[in-house]
Structure formats: structure tokens, C-alpha cells
Novice: 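I am attaching a structure below and will ask some questions about it afterwards.
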Amino acid sequence: MERTLSIIKPDAVKRNLIGHINQLIEKNNLKIIASKTHKLSKNEAESFYGVHKERPFFNSLVAFMTSGSVQVQVLEGENAIVSYREIMGATNPEDADEGTIRKLFAESIEANSVHGSDSSENASIEIAFFFSGLELI
Ligand code: ATP
Ligand code: MG
């Protein structure tokens, strides 16, 4: 069993897609073990995406991630990290496989509806960023 952090991004929350996305998550055998709505501050978004600080899209990404509420969730299952990345699809929806969340719902390479941790180390860091031990079973 493994855990990963998912964020349903502002573009998807705005379009009432939380239920649709969670249905895909659950259909693919991942369990939503914690879930909350959060509005990221500029500081939080900058810190969360700190690895991309030097990238040309960083300021735009921070503005997008703070443009509305997000739904942050902890997903649990077998190979949850890789499994969720597969369910999400490629970063750019034009490159995403049929049936993936980003192929189905993303608006652009930036407004791409979901985030998922990319390694076991980052999953632990990102889960602790949003959830206290008390909130996790
Ligand atoms: P995430 O980290 O959100 O799960 P990812 O791992 O697929 O996505 P990253 O390379 O980590 O992709 O980029 C983080 C986020 O930055 C992307 O999900 C997207 O919202 C945004 N992004 C990435 N590349 C670009 C780009 N070329 N132009 C605009 N935004 C981008
Ligand atoms: Mg990433």
C-alpha cells in the first residue's frame, strides 16, 4: 500500500468536476482517505511548486493555482504514485492518452485539472504540506 497527494486544480473545481475526477480515481482502485477544500495563498503556491522557480511559466502557474479553490486529497492503493500519474495522463493534455483525467478535462498545459506526486519522497513531503497526522487514518 502506498499514498500519494492529489490536487484537483482551480480549473476543474470551477467547472464542478470534483465528482467526475473522484469517480475515475475510485474506479481505478485508489481510495480517497482524506479530502479538503483549500484556497492556496501566493506563498503556499510558490513553496509547493518551488522546484519550478526558475521556469518561465512559474509566475503564471502560481497565479493560476491561487485563482480559485483546490481540492487536496490523499489517495491510497497499490502503487498509488505511479498508478495516479497514469490515471492523470501527460502534463500537456494534447499528449495525454484517451480516458485519462487530463485528456478528458484539462483546458491547457497549465490548466491541466490535477496534480499528483511524482515520487515516494515527494508524496511524503506533499502530504505533510497539507495534512496533519490527526487528519490521516
Ligand atoms: P504536477 O506537478 O502539477 O502534477 P506534472 O508533474 O505533470 O504536473 P510539472 O512539470 O511538474 O508537471 O509541472 C507542474 C505544473 O506546471 C503542470 O502540471 C502545469 O500546471 C504547469 N506547467 C508545466 N509546464 C508548463 C508549461 N510549459 N507552460 C505552462 N504551465 C506549465
Ligand atoms: Mg510535477
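These values consider heavy atoms only, across backbone and side chains, with no hydrogens, waters or symmetry-generated copies. In listed order, ligands and their atoms are each counted from 1.
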Novice: Give me the nearest non-hydrogen protein atom to atom 19 (C) of ligand 1 as residue plus atom name, then the distance to 0.1 Å.
Specialist: I109 O, 3.2 Å

Novice: Return the residue, atom name and 0.1 Å-rounded distance of the protein heavy atom closest to atom 7 (O) of ligand 1.
Specialist: T91 OG1, 2.6 Å

Novice: Which one of Q71, Q73, E135 satisfies the side chain to side chain donor-acceptor pair (under 3.5 Å) criterion with K36?
Specialist: E135

Novice: Nearest 0.5 angstrom please: I7 CD1 to H38 NE2, how far?
Specialist: 9.0 Å

Novice: What do you reckon, does D118 put a non-hydrogen atom under 4.0 Å from ligand 1?
Specialist: no

Novice: Can you tell which part of L61 has a heavy atom less than 4.0 Å from ligand 1: side chain, backbone, both or neither?
Specialist: side chain

Novice: Note the single closest protein heavy atom to atom 17 (C) of ligand 1, along with its residue, its atom name and the distance in Å.
Specialist: N112 ND2, 3.6 Å

Novice: Just wondering, more than 12 heavy atoms not from K39 lying within 6.0 Å of its NZ?
Specialist: yes

Novice: Considering F64, F57, F58 one by one, which has a heavy atom nearer to atom 22 (N) of ligand 1 than any of the others?
Specialist: F57

Novice: Here's a test for you: under side-chain contact (heavy atoms from CB on, under 4.5 Å), which of R3, H115, E121 qualifies with E126?
Specialist: H115

Novice: Could you give the distance from CD1 (I21) to CD1 (I8), rounded to the nearest 0.5 Å?
Specialist: 4.5 Å

Novice: Would you mind listing every ring pair (Phe, Tyr, Trp, His ring centres under 6.0 Å) that reaches into residues 116-137, with sequence neighbours excluded?
Specialist: F48-F129, F48-F130

Novice: Can you report which non-hydrogen protein atom sits closest to atom 11 (O) of ligand 1, along with the distance?
Specialist: H52 NE2, 2.9 Å

Novice: Could you go through the side chain to side chain contact (heavy atoms under 4.5 Å, CB included) check for S67 and K14 one step at a time?
Specialist: CA-CA 10 Å; S67 67; K14 275 192 188 118; 3.4 Å; yes

Novice: For atom 4 (O) of ligand 1, which candidate among R55, H115, K9, E126 holds the nearest heavy atom?
Specialist: H115

Novice: List every atom of ligand 1 that sits less than 4.0 Å from any heavy atom of G116, numbering the atoms from 1 in the order shown and giving each element.
Specialist: 4 (O)

Novice: Side chain, backbone, both or neither: which applies to M65 and ligand 1 if a contact is any heavy-atom pair less than 4.0 Å apart?
Specialist: neither

Novice: Can you tell me how far CD1 of I25 sits from CG of L75, rounded to the nearest 0.5 angstrom?
Specialist: 5.0 Å

Novice: Of the protein's non-hydrogen atoms, which lies at the shortest distance from atom 6 (O) of ligand 1, and what is that distance?
Specialist: R85 NH1, 2.9 Å

Novice: Please report which non-hydrogen protein atom sits nearest to atom 20 (O) of ligand 1, along with the residue it belongs to and the distance in Å to one decimal place.
Specialist: E110 O, 2.8 Å

Novice: Starting from atom 3 (O) of ligand 1, locate the nearest protein heavy atom and write down its residue, its atom name and how far away it is, to 0.1 Å.
Specialist: Y49 OH, 2.7 Å

Novice: Please write down residue, atom name and distance for the protein heavy atom closest to atom 8 (O) of ligand 1.
Specialist: R102 NH2, 3.3 Å

Novice: Nearest 0.5 Å, what's the NE2-OG distance between H20 and S113?
Specialist: 12.0 Å

